[in-house]
J.: 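First the structure, then my questions, so here it is.
No experiment lies behind these values; they were computed from the predicted model shown. Each chain gets a letter, A, B and so on, in the order the sequences are listed, and its residues count up from 1.
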Amino acid sequence: MKKTIAVLNQLRKKGLIKNYAIGGGIATIFYVEPFFTYDLDVFIIPSGTVKKQNLILLSPIYNYLQAKGYKWKGEHILIEGVPVQFIPADEFEKEAVARAKAVEYEGVKTKVMAPEYLVALLLRAGRKKDMEKTEKLLEQTKIDRRKLRAILRKYGLTRKFDLL
Amino acid sequence: MRGKKVSQMKILIRDNKKITRKKLFENKEKFHKEQAKLPFEEKIKILIRLQEIANSIHKSTSGGKLGVWKIPSKSRSK
């Protein structure tokens, strides 16, 4: 995964994306005990030039990766053996990317969404598997409850959280 | 009352050691919390092992293949 992260950093360095953060299952694993998951969800803020008529064009990113020899596998692009899914961030996710935690993986710098944002985003998604991850995060890692409450209030998720 | 009795029920484990059901579940929870504290790199090694296990089960039951991350051996568990 070290090489995969290095490629993500290259995308930013080359200006193909403005910023990124790892979210989803792998970000959750950063904070809790390991569990089965397959893909690496990467939330990206595309560069300004790729927005066209309300359509987010990820083709510059894919063209760059394909030119480097990385192949598609279903909805994922296999980067150094890891299936990566690029997700253009919405407003909520953009905030999560901006406030993501800077970490290192085998000496390579990357960013992982903060647990408070992960809980809120998982709640918003609301599937059974998201609820399971939410519970793991609440049980196994330190969550700043004030910060979490503020995020939940801002995005109208307080009631959903209280029903947990 | 009945719940309390059940939680105090003793279980014989290895080396003739006895522990209560309550303690057994407390230990389980402690284990999960300790796993959560492992370095990220270690967790990824465990994840790949889980993918390999899931893949072999899937192969033997449905004949199909599930994905396993193909990353360098240094990042894999032995």
Side-chain angles (χ1 to χ4, degrees), chain A residues 1-7 22 24-41 69-85 100-113 115 118 132-133 135-143, chain B residues 3-4 6-9 11 13-14 17 19-78:
Chain A
M1 196 166 83
K2 181 182 172 180
K3 286 184 178 173
T4 313
I5 293 169
V7 172
I22 297 171
I26 298 298
T28 306
I29 286 176
F30 181 80
Y31 300 102
V32 307
E33 64 179 328
F35 56 84
F36 179 79
T37 188
Y38 178 65
D39 55 357
L40 178 69
D41 288 336
Y70 299 122
K71 305 246 183 294
W72 284 95
K73 195 180 177 193
E75 292 172 6
H76 306 98
I77 189 151
L78 269 179
I79 305 178
E80 299 295 337
V82 177
V84 177
Q85 185 148 50
K101 189 180 164 80
V103 302
E104 277 193 16
Y105 182 89
E106 292 180 357
V108 181
K109 286 182 179 160
T110 187
K111 282 172 85 184
V112 171
M113 284 183 180
L118 282 173
E132 284 166 9
K133 287 178 196 142
E135 279 174 19
K136 279 184 192 290
L137 282 162
L138 294 170
E139 280 170 14
Q140 297 175 9
T141 196
K142 209 175 164 189
I143 301 268
Chain B
K4 198 178 173 187
V6 170
S7 72
Q8 292 307 318
M9 187 189 288
I11 302 163
I13 57 164
R14 62 181 161 78
K17 199 180 159 190
I19 62 162
T20 60
R21 269 177 65 95
K22 189 172 177 257
K23 186 73 186 159
L24 184 87
F25 286 106
E26 278 170 6
N27 287 351
K28 259 181 187 288
E29 206 180 319
K30 198 175 151 201
F31 171 76
H32 292 308
K33 284 187 177 163
E34 275 166 10
Q35 289 284 101
K37 287 181 195 153
L38 287 173
F40 197 22
E41 289 86 347
E42 284 304 311
K43 291 180 181 183
I44 296 299
K45 283 180 190 172
I46 297 171
L47 167 66
I48 294 167
R49 188 74 198 108
L50 289 173
Q51 290 175 344
E52 286 167 350
I53 294 166
N55 188 43
S56 69
I57 294 169
H58 195 74
K59 247 175 22 191
S60 64
T61 54
S62 70
K65 260 186 172 180
L66 282 179
V68 178
W69 288 11
K70 289 179 183 65
I71 61 176
S73 54
K74 192 188 157 198
S75 306
R76 302 170 86 98
S77 61
K78 303 226 166 87

J.: Under 4.5 Å, heavy atom to heavy atom: which of residues 19-26 of chain B reach chain A? Give them by number, or say none.
T.: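 Hits under 4.5 Å: none found.
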
J.: Quick check on A/L78 against chain B: is it the side chain, the backbone, both or neither that has a heavy atom closer than 4.5 Å?
T.: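 Nothing of A/L78, per the 4.5 Å heavy-atom cut-off to chain B.
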
J.: Give, for atom CE of A/M1 and atom NZ of B/K45, the distance between the pair rounded to the nearest 0.5 Å.
T.: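 Going from CE on A/M1 over to NZ on B/K45, the span is 12.5 Å.
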
J.: Run B/I44 and B/W69 through side-chain contact (heavy atoms from CB on, under 4.5 Å) and show every step you take.
T.: CA-CA 10 Å; B/I44 296 299; B/W69 288 11; 4.2 Å; yes

J.: Hey, what do you get for CG (B/L47) to CD (B/E52), rounding to the nearest 0.5 Å?
T.: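 Interatomic distance, B/L47 CG to B/E52 CD, rounded to 0.5 Å: 10.0 Å.
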
J.: Measure the spacing between CD1 of A/I22 and NZ of A/K111 and express it to the nearest 0.5 Å.
T.: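 Nearest 0.5 Å value for the CD1-NZ distance: 11.0 Å.
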
J.: State the CD-CD1 distance between B/Q51 and B/I53, to the nearest 0.5 angstrom.
T.: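 One gets 10.5 Å once the value is rounded to the nearest 0.5 Å.
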
J.: Sort A/Y31 into side chain, backbone, both or neither according to what part of it lies under 4.5 angstrom from a heavy atom of chain B.
T.: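 Backbone of A/Y31 only, per the 4.5 Å heavy-atom cut-off to chain B.
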
J.: Measuring from atom CD1 of A/I26 to atom OG1 of A/T37, what distance do you get when rounded to the nearest 0.5 angstrom?
T.: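 With rounding to 0.5 Å, CD1 (A/I26) is 5.5 Å from OG1 (A/T37).
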
J.: For A/E132 and A/F35, what are the C-alpha separation, side-chain angles and deciding distance, and is it a side-chain contact (heavy atoms from CB on, under 4.5 Å)?
T.: CA-CA 11 Å; A/E132 284 166 9; A/F35 56 84; over 6 Å; no

J.: In terms of heavy-atom pairs under 4.5 Å with chain A, which of B/K33, B/H32, B/Q35 leads?
T.: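 Most heavy-atom pairs within the cutoff with chain A belong to B/H32.
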
J.: To the nearest 0.5 Å, what is the distance between OH (A/Y70) and OG1 (A/T4)?
T.: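 A/Y70 atom OH to A/T4 atom OG1 measures 7.5 Å (nearest 0.5 Å).
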
J.: Can you tell which part of A/E80 gets under 4.5 Å to a heavy atom of chain B, answering side chain, backbone, both or neither?
T.: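 Contact with chain B is through the backbone of A/E80 alone.
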
